[in-house]
Amino acid sequence: MLSIETEGLCSCVCQLSKTLIAISSNDLIEIWNLKTENLKATFGGHTDIIYCIKLLKASASIFASSSNDKTIRIWKANTQTCLKIIDTM
């Protein structure tokens, strides 16, 4: 069984292919390989607590995150890039 050890707790998870996208309480998004149980990638950029992630297009590995910093970020998992930042203020 995968045991994710972060400084905080996973507050939201969703499955993407054979990976797990997890939010840790230290304002980071982590992608874990479910088969090897290894951390594949860490995404940073939000400046406050992330409270939601949503898989947008599984075939393209695209997901969104929203945060208390009043932004929504669109990410591409397989290239580990932020595609867009939407300011919701």
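These numbers were taken from a predicted model, which means no experiment stands behind them.
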> How many angstroms lie between CG in Leu28 and OG in Ser65, if you round to the nearest 0.5 Å?
11.0 Å
> Counting distance only, does the side-chain N/O of Thr88 pair as donor-acceptor with the main-chain N or O of Lys70 below 3.5 Å?
yes
> Out of curiosity, Glu30 CD to Ile23 CD1, how far, rounded to the nearest 0.5 Å?
10.5 Å
> Drop me the distance from Ile21's CD1 to Ile29's CD1, to the nearest 0.5 angstrom.
8.0 Å
> Supply the atom-to-atom distance Leu20 CG to Lys40 NZ, rounded to the nearest 0.5 angstrom.
11.0 Å
> Could you tell me whether the side chain of Arg73 and the main chain of Gly45 form a donor-acceptor pair under 3.5 Å?
yes
> Measuring from atom CG of Asn68 to atom SG of Cys52, what distance do you get when rounded to the nearest 0.5 angstrom?
12.0 Å
> Does any N or O in the side chain of Ser67 come within less than 3.5 Å of the main-chain N or O of Ile49, such that one atom is a donor and the other an acceptor?
yes
> Name the orientation class of the two ring planes belonging to Trp75 and Phe63 (parallel below 30°, tilted from 30 to 60°, perpendicular beyond 60°).
parallel
> What residues, two or more places apart in sequence or in another chain, satisfy side chain to side chain contact (heavy atoms under 4.5 Å, CB included) together with Leu83?
Ile62, Ile74, Lys76, Thr81
> Can you give me the closest heavy-atom contact between Leu56 and Ala64, atom names plus distance?
CD1-CB, 3.8 Å
> If the condition is side chain to side chain contact (heavy atoms under 4.5 Å, CB included), which residues does Thr47 pass it with, not counting sequence neighbours?
Asp69
> Step by step, would you call Phe43 with Gln80 a side chain to side chain contact (heavy atoms under 4.5 Å, CB included)?
CA-CA 7 Å; Phe43 295 78; Gln80 299 180 9; 4.1 Å; yes
> Please round to the nearest 0.5 Å and tell me the distance separating atom CG of Leu39 and atom OG1 of Thr19.
11.5 Å
